[in-house]
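First the structure, in the form of C-alpha cells, and then the observations on it.
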Amino acid sequence: MSTADNFIPFARPDIGEAEIDAVARAMRSGWVTTGPETRAFEQEFAAYLGGGLHAIAVNSATAGLHLALEAVGVGLGDEVIAPTLTFTATVEVARYLGADAVLVDSDPATLNIDASRIEAAITPRTKAILPVHYGGLACDMSRIHDIARRHGLHVVEDAAHALPATSEGVLIGQLPSAATVFSFYANKTMTTGEGGMVVTKDQALADRMKVMRLHGISRDAFDRFSSKTPSWYYEIVAPGFKYNMTDMAGALGRVQLQRLPDFVQRRQQLAGRYLAELQDLPLILPAQAPAGQTHAWHLFVLRLSDDAKATRDEVIQGLSDAGVATSVHYVPLHRQPYWRDRYALLPEQFPVAEKAYQRMFSIPLFTAMSDDEQSRIIAALKAVVR
Ligand SMILES: *Cc1c(COP(=O)(O)O)cnc(C)c1O
C-alpha cells in the first residue's frame, strides 16, 4: 500500500518562485484584468512560434476554439469534422454555434484522426475540419490541408496537446490553417492555471476574435471616421463573449513560456526513458514523431497488446495499488451519452478508437517528476502488465 506522501499524481504543475513573483507583480501593479502582462504574453508567444502570427490570449482553449469557429463562420446547421478520440471541448463549441460534429475514427498507429476517412465524412454542410494532435504528435496535416483546399473547408487545429510540435519541419501554429488553439490548462505542457491562446495569420480573423473575446466591443469603429476618438467611446458590434485572460494569468504564462524549452527537454527525456524501458512488455508504445520532428509529449498513452493477459482495468488498479495515478485519454466521444444519443452512434462505426479505448491507459508524464518517481512507475508497470 502507498501512503499519500509517496503517491505519484497523474500530473503536477511545474510552478516555481519566478511564477509566484510574476503573479504577485501583476497583483501589486493595480492592473489585474487583461493588460500589459497579457499583451506581452501574446507577443512573446507569437515570437516563440517564429513570429508572423496574431496571438489572442483567452481564458481557456475551449473559449479559443469557440472564437475560432465563430470567426470562420461556423453557424446554425453547419458541420465540423473531428476525431472521436478527443476531449469533448473540441466539438462542444460547434454546438454552441448551432452546428454539428461529424466524428471520425482514429489512425491505428498514431491514434490521431484517420485522414483517409475524412473525405467520406464531408457533406454539403461541412464547414471545417478540427484536427487534434493527440498526445502531442502532429496529425497528417499536409493531407488534411489538401482535403480542406479541395473541398473549400476551414482548418481549425485543436493544438491543446501540441506545444510545441512540428509537422514536416513546421511548428504547429505556423501551418496554413485558419486558426490554431493552444491550452494552458493545469496539466498541459505549460500552464496559466486556466487559459489558452489562439494564433492565426489572418488579420480579419484575428480582428473578429479580438472583438468577440470581449463583449463584441470595437474601439476602432469610430476611428475610421475621426481621429479624435474620445477614450471613453466604444461601439458594440456583435453579441460577444467574455473570454479575455487576466493579467495574473498572463504574467504566469510569460514565465512558463521562458521555461518551455526546459520543459520540452525534460518531457523528451522522460518519454525516451519510458520508450526504452517498457519495450519488452506486452504493450503498444505511443507512436514517435518521424525523424527530425518534434513530439510535444503531453501524454504518454499505452495500449495493452493482443497477447497481454492482464486487462486494462486490472493494470490501472495494480498501478493505483502501487501508488501511481493513471488516466484514460479518452472515453471516445461516440460513447459519451450526449454525442452517442444525438447522432445515434454505435461502437462498430469506430473500430480503431473502440479497440484502443478498451486497452488504453495514460501514465504520468510531467516535468516536475523525479527520476526516482519514474523508476517507481516503470517498476510498477513491469509488475502489473503481463
Ligand atoms: C485540454 C483540452 C482542451 C480544452 O482546454 P481548456 O484550456 O481546458 O479549455 C481541448 N481539447 C483538448 C484535446 C484538450 O486536451
Side-chain angles (χ1 to χ4, degrees), residues 31-39 41-43 45-46 53-82 88-101 125-130 148 152-160 173 177-184 192 194-247 249-250:
W31 193 277
V32 291
T33 182
T34 310
E37 295 286 350
T38 306
R39 272 194 291 278
F41 180 38
E42 289 175 335
Q43 282 161 12
F45 191 86
L53 296 166
H54 306 276
I56 298 148
V58 283
N59 57 17
S60 71
T62 308
L65 288 161
H66 186 194
L67 289 179
L69 291 193
E70 197 277 340
V72 301
V74 170
L76 193 64
D78 291 337
E79 290 174 356
V80 302
I81 292 174
T88 193
T90 309
V91 283
E92 73 189 21
V93 295
R95 296 293 305 126
Y96 297 177
L97 296 162
D100 276 295
R125 297 169 158 227
T126 309
K127 261 284 178 42
I129 307 174
L130 306 181
L153 306 176
H154 302 286
V155 176
V156 173
E157 295 174 61
D158 179 341
S177 300
T180 301
V181 185
F182 297 93
S183 172
F184 310 130
T192 59
E194 298 282 357
M197 191 76 78
V198 188
V199 300
T200 180
K201 294 184 176 177
D202 185 316
Q203 178 80 55
L205 289 181
D207 290 346
R208 176 68 181 178
M209 290 192 280
K210 283 181 188 166
V211 164
M212 295 306 283
R213 167 175 66 175
L214 197 67
H215 301 299
I217 293 174
S218 173
R219 291 193 183 271
D220 354 285
F222 202 86
D223 286 328
R224 278 186 235 121
F225 306 104
S226 164
S227 56
K228 283 177 284 188
T229 310
S231 62
W232 51 264
Y233 187 80
Y234 63 89
E235 291 184 351
I236 301 300
V237 297
F241 310 109
K242 186 72 203 298
Y243 284 167
N244 56 307
M245 176 177 275
T246 70
D247 251 22

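All values derive from a computational prediction rather than experimental measurement. These values consider heavy atoms only, across backbone and side chains, with no hydrogens, waters or symmetry-generated copies.
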- Task: Could you tell me which non-hydrogen atom of Met245 sits nearest to which non-hydrogen atom of Gly195, and how far apart they are?
- Result: CE-CA, 4.1 Å

- Asn59 CG to Thr192 OG1 distance, which is reported to the nearest 0.5 Å: 9.0 Å

- Query: Are the side chain of Arg208 and the backbone N or O of Met212 linked by a donor-acceptor pair below 3.5 Å?
  - Reply: no

- Query: Quick one: CG on Leu130 to OG1 on Thr90, what's the gap to the nearest 0.5 Å?
  - Reply: 7.5 Å

- Query: Which pair of non-hydrogen atoms, one from Leu205 and one from Ala71, has the smallest distance, and what is that distance?
  - Reply: CD2-O, 3.4 Å

- Message: Counting C-beta onward and ignoring hydrogens, is there a side-chain heavy-atom pair between Ile56 and Met197 closer than 4.5 Å?
- Response: no

- Note on the structure: On a heavy-atom basis, the closest approach of Gly75 and Ala99 is O-CB, 3.5 Å

- Message: Apply side-chain contact (heavy atoms from CB on, under 4.5 Å) to residues Val211 and Val237 and explain how you reach the verdict.
- Response: CA-CA 8 Å; Val211 164; Val237 297; 3.6 Å; yes

- Message: Take a 6.0 Å sphere around CZ of Phe241 and say whether it holds more than 12 heavy atoms from other residues, nucleotides or ligands.
- Response: yes

- Note on the structure: Scanning both residues in full, the closest heavy-atom pair of Gly77 with Arg125 reads O-NH1, 3.2 Å

- Query: Is the backbone of Thr246 close enough, under 3.5 Å, to the side chain of Thr38 for a donor and an acceptor to pair up by distance?
  - Reply: yes

Which donor-acceptor pairs under 3.5 Å do side chains of residues 60-67 form with protein atoms, sequence neighbours excluded?
residue : atom : partner : partner atom : Å
Ser60   : OG   : Thr62   : N            : 3.3
Ser60   : OG   : Ala63   : N            : 2.9
His66   : ND1  : Tyr243  : OH           : 2.7

- Item | Side-chain heavy atoms of Asp78 within contact of Thr126, under 4.5 Å | no

- Message: I need the minimum non-hydrogen distance between Val74 and Lys127, along with the two atoms involved.
- Response: CG2-CB, 4.0 Å

- Item | Rounded distance [0.5 Å steps], CD1 in Ile129 versus CD1 in Ile81 | 5.5 Å

- Query: Would you call Leu53 and Thr200 a side-chain contact if the rule is heavy atoms closer than 4.5 Å?
  - Reply: no

- Hey, are the side chains of Val181 and Asp158 touching, using non-hydrogen atoms and a 4.5 Å cut-off? no

- Item | Val199 vs Phe45 side-chain heavy atoms within contact, under 4.5 Å | yes

- Would you check if Ile217 and Ile236 make a side-chain contact, meaning some heavy-atom pair closer than 4.5 Å? yes

- Check against side-chain contact (heavy atoms from CB on, under 4.5 Å), His54 and Lys201: CA-CA 6 Å; His54 306 276; Lys201 294 184 176 177; 5.7 Å; no

- For the residue pair Ser218 and Tyr234, establish whether any side-chain heavy-atom pair is separated by less than 4.5 Å. no

- Taking every heavy atom of Gly35 against every heavy atom of Asp247, the minimum-distance pair comes out as N-OD1, 2.8 Å

- Is Leu97 close to Leu76 at the side-chain level, that is, under 4.5 Å between some pair of heavy atoms? no

- Is it true that a side-chain atom of Arg95 and a backbone atom of Asp100 form a donor plus acceptor pair closer than 3.5 Å? no

